[in-house]
Amino acid sequence: GAGVSQTPSNKVTEKGKYVELRCDPISGHTALYWYRQSLGQGPEFLIYFQGTGAADDSGLPNDRFFAVRPEGSVSTLKIQRTERGDSAVYLCASSSSGTGNQPQHFGDGTRLSIL
Amino acid sequence: GQQVMQIPQYQHVQEGEDFTTYCNSSTTLSNIQWYKQRPGGHPVFLIQLVKSGEVKKQKRLTFQFGEAKKNSSLHITATQTTDVGTYFCAGHFGNEKLTFGTGTRLTIIP
């Protein structure tokens with residue numbers, strides 16, 4: 001079956017612009033996670049959705065970052081007024097539940113470059 | 001915040017040699033998961049350990065969870081070129097978010 005799909009795979013934009021990153025999780029997975037991974041580092045948690053609601057958004061670095069999952073499936077991570085420090089690979093993962101004991105299935109990520 | 005540390009950061013081994021990476025937390029973990037990320041790829045789930053002192057094996061890979069549930073290790077016997085990648089441990093502190101370790105990057109010298 002299809003895995004987690006993320007689009008675009010690469011995004012290059014200028015500082016100050018707005019970007020949207022999309023994640024399509026595995027069908028039927030209720031939990032969805034966004035991570036940010038910088039070169040040579042482990043994935044850094046940003047936000048977790050259980051269904052349509054954000055169950056934990058403690059990892060969002062500031063109010064320029066926002067994410068939605070309006071129908072409990074596809075999610076969009078939105079970054080306003082992008083800065084060069086936002087450059088990273090943004091990973092999305094989904095799991096069958098959010099109880100903390102399920103494997104997370106990752107997409108290939110979106111490589112975001114802010115010029 | 002709570003952190004999970006891994007050592008070593010890098011490991012270069014001759015093909016056929018063994019490899020071990022260690023994961024440590026200052027506080028007790030509810031469980032620990034291990035992921036492998038190939039160069040240019042995304043993390044792929046390998047295994048989850050839940051019980052104190054638990055040991056699990058997958059072919060040449062052996063995973064251990066410490067008695068105090070604060071540390072874990074991954075040991076690979078007789079490495080092969082297909083083992084190349086970065087190995088991450090990731091732990092849950094209670095029901096909180098999954099916290100990834102810093103990773104150990106394994107390279108194999110053929």
Side-chain angles (χ1 to χ4, degrees), chain A residues 2-7 9-10 21 23-26 29-50 53-61 67 88-112, chain B residues 1-11 21 23-25 28-51 54 56 58 63 65 69 72 74 85-107:
Chain A
V4 176
S5 175
Q6 290 188 248
T7 55
S9 55
N10 285 282
L21 312 179
C23 173
D24 199 342
I26 292 172
H29 279 192
T30 59
L32 185 146
Y33 309 82
W34 282 99
Y35 294 87
R36 178 168 68 176
Q37 187 173 28
S38 299
L39 193 63
Q41 303 294 316
E44 174 194 13
F45 172 82
L46 296 176
I47 187 169
Y48 150 54
F49 287 90
Q50 183 61 251
D56 184 349
D57 65 356
S58 62
L60 294 177
V89 175
Y90 288 81
L91 293 165
C92 175
S94 70
S95 68
S96 56
S97 74
T99 58
N101 61 356
Q102 297 299 318
Q104 293 188 15
H105 301 268
F106 285 81
D108 287 334
T110 294
R111 184 175 298 276
L112 178 63
Chain B
Q2 287 150 328
Q3 291 185 318
V4 177
M5 304 302 295
Q6 265 184 271
I7 56 170
Q9 187 176 3
Y10 300 97
Q11 186 79 57
T21 172
C23 183
N24 292 284
S25 167
T28 302
L29 296 161
S30 301
N31 58 50
I32 196 154
Q33 299 178 351
W34 284 90
Y35 291 79
K36 176 183 178 182
Q37 186 171 23
R38 292 183 183 274
H42 58 266
V44 174
F45 175 81
L46 295 176
I47 208 158
Q48 176 171 273
L49 304 170
V50 179
K51 299 177 184 176
E54 189 169 12
K56 287 189 177 180
Q58 288 180 350
F63 304 84
F65 201 9
K69 299 181 73 173
S72 181
L74 159 59
T86 301
Y87 292 85
F88 292 100
C89 62
H92 278 105
F93 299 93
N95 290 324
E96 293 183 11
K97 55 187 180 288
L98 192 61
T99 299
F100 277 79
T102 45
T104 296
R105 182 175 176 181
L106 172 65
T107 56

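In what follows, chains carry the letters A, B, and so on, assigned in the order in which the sequence lines appear, proteins first and then strands, with residues in each chain numbered from 1. Here the structure is a predicted model, which is why all the values come from computation and not from measurement.
To the nearest 0.5 angstrom, Ile47(A) atom CD1 is 12.0 Å from Lys97(B) atom NZ. For the atom pair OH of Tyr35(A) and CZ of Phe100(B), the computed distance is 5.0 Å after rounding to the nearest 0.5 Å. Taken from CD in Gln37(A) to CZ in Phe88(B), the straight-line distance is 5.0 Å, to the nearest 0.5 Å. Note that CD of Gln48(B) and CD of Gln104(A) are 10.0 Å apart. Values are rounded to the nearest 0.5 Å.
Only the side chain of Asp56(A) comes within contact range of chain B, judged by heavy atoms closer than 4.5 Å. Contact annotation for Gln37(B): only side-chain heavy atoms (C-beta onward) come within less than 4.5 Å of a heavy atom of chain A. Contact annotation for Glu44(A): neither backbone nor side-chain heavy atoms come within less than 4.5 Å of a heavy atom of chain B.
Ranked by heavy-atom pairs shorter than 4.5 Å toward chain B, the options Gly42(A), Pro43(A), Gly109(A), Gly40(A) are led by Pro43(A). For the set Gly40(B), Gly41(B), Gly101(B), Pro43(B), the entry with the most heavy-atom pairs within less than 4.5 Å of chain A is Pro43(B). Of all the listed residues (Leu46(B), Thr102(B), Leu98(B)), the one sharing the greatest number of non-hydrogen pairs under 4.5 Å with chain A is Leu98(B).
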